[in-house]
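What's counted below: heavy atoms across the whole structure, side chains too, no hydrogens, waters or symmetry copies. Being a predicted model, the structure only gives us computed values, none of them experimental.
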Amino acid sequence: MTTGRKGLPDPEVLVERLLKRRTFRPDPQGSNVMFAFFAQHFTHQFFKTYNRMGLGFTKALAHGVDAGHIYGDSLDRQHTLRLFKDGKLKYQLIDGEMYPPSVADAPVRMSYPPGIPEEKQMAIGQEVFGLLPGLGLYATLWLREHNRVCDILKAEHPTWDDEQLFQTTRLIVIGELDTMKNMCVTLELLEPIPGCST
């Protein structure tokens with residue numbers, strides 16, 4: 001026979017007493033959770049997760065910095081995410097801020113936790129990015145960066161059509177991603193940086 005309380009403790013009391021931080025404690029490695037999300041966001045373009053077959057499967061497509069996690073891993077997905085105007089990717093405005101479009105407006109297959117309605121799901125280049133908020137955050141940043149670069153190129157080259165603006169912007173974004181990776185590797189070789197290991 002077991003002794004003790006028959007009911008469970010109040011979760012708010014548990015959090016308050018056991019989990020709530022009263023003072024800031026930096027990560028001993030000098031990193032944070034956003035670095036982990038960035039690393040995962042970046043590596044999905046190499047490994048091209050294919051969760052429909054189960055955990056650990058990849059699509060076995062070309063590898064390298066191709067920004068497939070932003071633009072999609074197929075031409076069909078890329079076209080579904082494109083606005084086809086001024087080289088931009090589709091987006092929605094929420095409280096005046098740019099976010100990826102909803103799956104209803106850009107019908108691509110996405111993986112989200114159960115119970116998330118389709119109109120609340122964002123359409124992103126990598127289908128598993130709906131599972132973790134940090135991955136959605138980076139997808140939003142790169143969408144904004146793509147469309148920002150399009151605006152600059154359109155102003156500098158007003159005669160360029162949608163396709164030239166899109167493809168040139170895509171190459172610039174791929175270059176930005178590659179530069180970030182190269183900086184991390186180079187700096188790590190010169191002097192190890194916490195949270196930026198190779």
Side-chain angles (χ1 to χ4, degrees), residues 37-94 97-154 157 159-181:
F37 281 127
F38 178 77
Q40 188 174 8
H41 178 77
F42 187 79
T43 58
H44 270 286
Q45 66 188 318
F46 303 112
F47 299 118
K48 303 194 186 319
T49 308
Y50 194 52
N51 66 335
R52 283 184 242 167
M53 290 183 64
L55 295 175
F57 283 90
T58 63
K59 292 185 181 179
L61 299 171
H63 61 279
V65 180
D66 66 358
H69 58 308
I70 300 168
Y71 301 107
D73 56 14
S74 70
L75 188 59
D76 184 51
R77 190 173 184 99
Q78 183 183 102
H79 283 181
T80 304
L81 295 171
R82 285 181 61 180
L83 187 59
F84 287 102
K85 182 173 187 245
D86 297 332
K88 293 186 175 186
L89 292 169
K90 290 179 182 175
Y91 62 92
Q92 62 178 317
L93 293 177
I94 300 173
E97 299 286 335
M98 185 185 302
Y99 290 93
S102 71
V103 171
D105 293 330
V108 294
R109 182 181 172 121
M110 291 297 298
S111 296
Y112 272 86
I116 306 293
E118 188 176 277
E119 64 274 4
K120 296 286 186 183
Q121 295 180 20
M122 292 187 284
I124 299 168
Q126 168 52 259
E127 84 176 57
V128 299
F129 279 16
L131 294 172
L132 297 169
L135 297 177
L137 176 139
Y138 279 111
T140 301
L141 291 175
W142 286 111
L143 165 82
R144 291 175 181 181
E145 175 64 0
H146 175 94
N147 288 352
R148 183 190 74 81
V149 171
C150 282
D151 288 338
I152 292 168
L153 289 175
K154 176 88 173 156
H157 305 281
T159 60
W160 284 9
D161 64 7
D162 171 74
E163 191 66 20
Q164 188 167 9
L165 288 166
F166 176 81
Q167 295 300 341
T168 303
T169 299
R170 185 171 173 265
L171 287 174
I172 289 169
V173 168
I174 289 170
E176 289 174 337
L177 282 164
D178 200 37
T179 299
M180 291 172 77
K181 183 246 327 159

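Listed here is the closest heavy atom pair of Ile174 and Ala67: CG1-CB, 3.7 Å. Shown here for Val108 and Val103, the closest heavy-atom pair between the two residues is O-CG1, 3.6 Å. Nearest heavy-atom pair across Pro101 and Ala106 is CG-CB, 3.8 Å.
The closest side-chain heavy-atom distance from His146 to Ile70 is not below 4.5 Å. With contacts defined as side-chain heavy-atom distances shorter than 4.5 Å, the pair Trp142/Leu177 qualifies. For the pair Tyr71 and Leu89, the minimum side-chain heavy-atom distance is below 4.5 Å. Counting heavy atoms from C-beta outward, Asp86 and Cys150 have side chains that stay 4.5 Å or more apart. Side chains of Leu143 and Asn147 form a contact here, defined as non-hydrogen atoms less than 4.5 Å apart.
By the salt bridge (charged side-chain N to carboxylate O under 4.0 Å, His left out) test, Lys90 is found to be paired with no residue, residues two or more places apart in sequence or in another chain being considered. Every residue two or more places apart in sequence or in another chain that forms a side chain to side chain contact (heavy atoms under 4.5 Å, CB included) with Leu137 is listed here: Met34, Leu141. For Asp151, the side chain to side chain contact (heavy atoms under 4.5 Å, CB included) partners at least two apart in sequence or on another chain are Lys88. Scored by the salt bridge (charged side-chain N to carboxylate O under 4.0 Å, His left out) test, Asp105 finds no partners at all (sequence neighbours excluded). For Phe84, the ring-ring contact (aromatic ring centres under 6.0 Å, His included) partners are His79, not counting sequence neighbours.
Atom OG1 of residue Thr80 and atom CZ of residue Arg82 lie 11.0 Å apart, to the nearest 0.5 angstrom.
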Listed pairs under 3.5 Å, donor-acceptor, residues 112-121 side chains, sequence neighbours left out:
from	atom 1	to	atom 2	distance (Å)
Tyr112	OH	Met122	N	2.7
Tyr112	OH	Met122	O	3.1
Gln121	NE2	Ile116	O	2.9

Using distance only, find each side-chain donor-acceptor pair of residues 166-173 under 3.5 Å and give its atom names and separation, not counting sequence neighbours.
from	atom 1	to	atom 2	distance (Å)
Gln167	NE2	Glu163	OE2	2.9
Thr168	OG1	Gln164	O	2.8
Thr169	OG1	Leu165	O	2.8
Arg170	NH2	Asp66	O	3.3

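Remark: side-chain polar atoms of Asp162 are paired, donor with acceptor, to backbone N or O of Lys85 under 3.5 angstrom.
Annotation for Tyr91: atom OH does not count as buried by contact number, only 12 or fewer foreign heavy atoms lying within 6.0 Å.
Identified under the salt bridge (Lys or Arg N to Asp or Glu O under 4.0 Å) test for residues 131-146, with sequence neighbours left out: Glu97-Arg144, Glu145-Arg148.
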